[in-house]
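The structure under discussion appears below in the form of structure tokens.
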Amino acid sequence: MRGGTARTHRRGDHRDTLSSRNNLAGAYQPAGDLGRAIPLYEQTLADRQRVLAEQAEFWLCEHEPGRRPRNTSAPR
């Protein structure tokens with residue numbers, strides 16, 4: 001994806017990283033380590049929601065004339 005990719009790589013929010021974190025939580029759960037699984041699930045979900053919101057905002061700004069992104073450093 002144009003523009004959003006560099007930002008997500010810097011913060012470790014790449015989709016592969018988020019999937020790996022979710023898989024790690026999934027390994028903790030059956031091992032009975034809910035103290036690690038639940039917070040990891042929650043943080044991964046929050047990060048995925050944030051990344052999707054950023055991507056949606058980027059694409060909306062690209063396709064709606066006159067609409068500017070909140071983050072002015074985002075490419076146009």
- Give the other cluster members for L40, using side-chain heavy-atom distances under 4.5 Å between Ile, Leu, Val, Met, Phe, Trp and Tyr residues; answer none if it is isolated.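 For the cluster that includes L40, the remaining residues are L24, Y28.
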
Of all the heavy-atom pairs spanning [X] and [Y], show the shortest one and how long it is.
{"X": "L18", "Y": "V51", "value": "CD1-CG2, 4.5 Å"}
{"X": "A37", "Y": "A25", "value": "CB-O, 3.5 Å"}
{"X": "P30", "Y": "G26", "value": "CD-O, 2.7 Å"}

- Mind checking side-chain hydrogen bond (donor to acceptor under 3.5 Å, both in side chains) for S20 and listing every partner two or more places apart, or none if nothing turns up?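 Once residues adjacent in sequence are excluded, S20 has no partner under the side-chain hydrogen bond (donor to acceptor under 3.5 Å, both in side chains) criterion.
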
- Task: Please identify each residue that fulfils side-chain hydrogen bond (donor to acceptor under 3.5 Å, both in side chains) with Q29, with sequence neighbours left out.
- Result: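 Applying side-chain hydrogen bond (donor to acceptor under 3.5 Å, both in side chains) to Q29 gives Y41.
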
- Look at D47 together with R21 and state whether they make a salt bridge at an N to O cut-off of under 4.0 Å.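 A salt bridge is present here (some side-chain N lies under 4.0 Å from a carboxylate O).
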
- Message: Which residues pass the side-chain contact (heavy atoms from CB on, under 4.5 Å) test with I38, not counting sequence neighbours?
- Response: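 Testing I38 for side-chain contact (heavy atoms from CB on, under 4.5 Å), a comparison that skips the adjacent residues, returns L34, E42.
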
- Item | Atom pair CZ/CG of R50 and L45 - distance to nearest 0.5 Å |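 Nearest 0.5 Å value for the CZ-CG distance: 11.5 Å.
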
- Query: Just wondering, do R48 and N22 contact through their side chains at under 4.5 Å, heavy atoms?
  - Reply: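 They are in side-chain contact.
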
- Message: Just to verify, what does R36 make a salt bridge (Lys or Arg N to Asp or Glu O under 4.0 Å) with, not counting sequence neighbours?
- Response: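 In terms of salt bridge (Lys or Arg N to Asp or Glu O under 4.0 Å), with neighbours along the sequence ignored, R36 is linked to D33.
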
